[in-house]
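Here is the structure we will look at, set down as structure tokens.
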Protein chains: 2
Amino acid sequence: MEETPSCRVETALEILTGKWKPSILLVLITHGTLRFSELKRQLPNITQKMLTAQLRELELNDIVHREIYQEVPPRVEYSLTDYGRTLIPVLDAINAWGEQHVIHLEQKEKLASASQ
Amino acid sequence: MEETPSCRVETALEILTGKWKPSILLVLITHGTLRFSELKRQLPNITQKMLTAQLRELELNDIVHREIYQEVPPRVEYSLTDYGRTLIPVLDAINAWGEQHVIHLEQKEKLASASQ
DNA sequence: TGGTATAGTATCCTAAACGATACCATGAAG
DNA sequence: CTTCATGGTATCGTTTAGGATACTATACCA
């Protein structure tokens with residue numbers, strides 16, 4: 001456990017990467033509190049197993065709060081923690097870069113096909 | 001190819017993730033131009049295969065420039081492109097969040113062991 | 001008595017990422 | 001004519017991520 005910049009970047013990226021974590025976070029950011037089944041409805045192709053697993057990891061890192069209501073059938077609600085909300089600017093920065101990267105790649109394509 | 005925020009975030013994250021890409025980028029940011037062997041020296045545990053593969057991907061995405069000199073033994077130099085440098089603020093944001101996240105987790109640990 | 005809803009686990013399988021190791025081409029230096 | 005350095009490929013095996021599917025507990029409702 002050294003304290004290099006690349007180690008810190010990797011620590012942060014661990015939280016954001018995985019096939020589903022960005023989508024889960026964005027759904028929670030835009031919808032606030034959601035129960036498990038609602039979350040699943042917003043992510044049409046995720047399996048129950050993956051949704052559970054990713055939520056557990058986010059919970060372990062204090063990003064997501066899990067509230068269980070003792071009812072039958074069960075009700076479990078997920079939301080961002082205050083701490084989790086500190087990720088929003090980071091996601092925004094990544095989103096902004098990704099947005100213009102798509103444009104950058106399109107222009108590169110155009111140049112490549114024009115020069116043929 | 002839809003244009004959702006989560007798709008853009010994932011596009012950007014594809015470039016940053018992988019076991020070695022953050023380290024490679026940070027080495028190139030701090031050292032400027034490096035030849036293959038120097039890059040490898042800075043990343044003690046990477047295999048030649050992985051270094052080559054990751055550099056090729058970064059090159060494809062226009063992040064890294066590869067300059068071949070026709071000499072024997074071969075000389076190949078890698079550096080960030082101008083475009084690649086636009087990633088630096090993003091990496092900085094991720095790094096800053098990762099830095100305080102390490103602290104956050106330590107404090108959580110402390111609280112957990114104190115309450116036992 | 002049996003079906004329904006919710007939020008999961010458990011088990012097995014595939015595909016992709018990653019790693020270890022061996023090999024290759026070139027020309028200069030000895 | 002052999003050796004060395006560089007910047008790679010090729011091949012194989014392992015490990016991890018992710019997916020498909022089946023199963024579970026609980027209480028209510030018909």
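Here is how names work: the chains are called A, B, and so on, in the same order as the sequence lines, proteins then strands, and each is numbered from 1. Every value quoted in this text rests on a predicted model; they were computed, and no experiment measured them.
Taking atom CG on B/L43 and atom C1' on C/dC18, their separation rounds to 15 Å, with Å as the unit. Separating the CZ atom of B/R75 from the C1' atom of C/dT26 is a distance of 16 Å, rounded to the nearest angstrom. Atom NZ in B/K40 sits roughly 12 Å away from atom C1' in C/dG19 (whole-Å rounding).
When each of A/T47 and B/R35 is assigned the nucleotide of DNA chain D bearing its nearest heavy atom, the one mapping closer to the 5' terminus is B/R35.
In the region residues 48-72 of chain A, proximity to DNA chain C at under 4.0 angstrom, judged on heavy atoms, holds for A/Q48, A/K49, A/T52, A/R56, A/R66. Using a 4.0 Å cutoff on non-hydrogen atoms, the parts of residues 14-27 of chain A near DNA chain D are A/G18, A/K19, A/W20, ordered by number.
Side chain of B/R75 to main chain of B/E67: no donor-acceptor pair is present (N/O by atom type, distance under 3.5 Å, no hydrogens or angles).
In this structure, A/K40 NZ and A/Q48 CD are separated by 6.0 Å, a value rounded to the nearest 0.5 Å.
Transitive grouping of hydrophobic side chains (ILVMFWY, heavy atoms separated by less than 4.5 Å) keeps B/L111 and A/L60 in distinct clusters. Linking Ile, Leu, Val, Met, Phe, Trp and Tyr whenever their side-chain heavy atoms come within less than 4.5 Å leaves A/I63 and B/I103 in two separate clusters.
The side-chain heavy atoms of B/I46 and B/L39, taken from C-beta on, include no pair separated by under 4.5 Å. Taking the side chain as every heavy atom from C-beta outward, B/T52 and B/R56 approach each other to under 4.5 Å. Within the 4.5 Å cutoff, side-chain heavy atoms of A/I94 are placed close to those of B/I94. By the 4.5 Å heavy-atom criterion applied to side chains, B/L25 and B/I88 are not counted as neighbours.
Judged by distance alone, the side chains of B/H104 and B/E106 never bring a donor and an acceptor atom under 3.5 Å apart. If you check the side chains of A/S23 and B/E10, you find a donor sitting under 3.5 Å from an acceptor.
Listed candidates were C/dG8, D/dG7, C/dA7. Nearest to the side chain of B/V76 is D/dG7. Of the candidate nucleotides D/dG7, D/dA5, C/dG8, C/dG8 has the atom lying nearest to any side-chain atom of A/F36.
Helix-axis bend for the helix from C/dT1-D/dA30 to C/dG30-D/dC1: the local axis fitted to the five terminal pairs at one end deviates from that at the other end by 30°, rounded to 10°.
A salt bridge links B/E57 with B/K21; the closest basic N to acidic carboxylate O contact falls under 4.0 Å.
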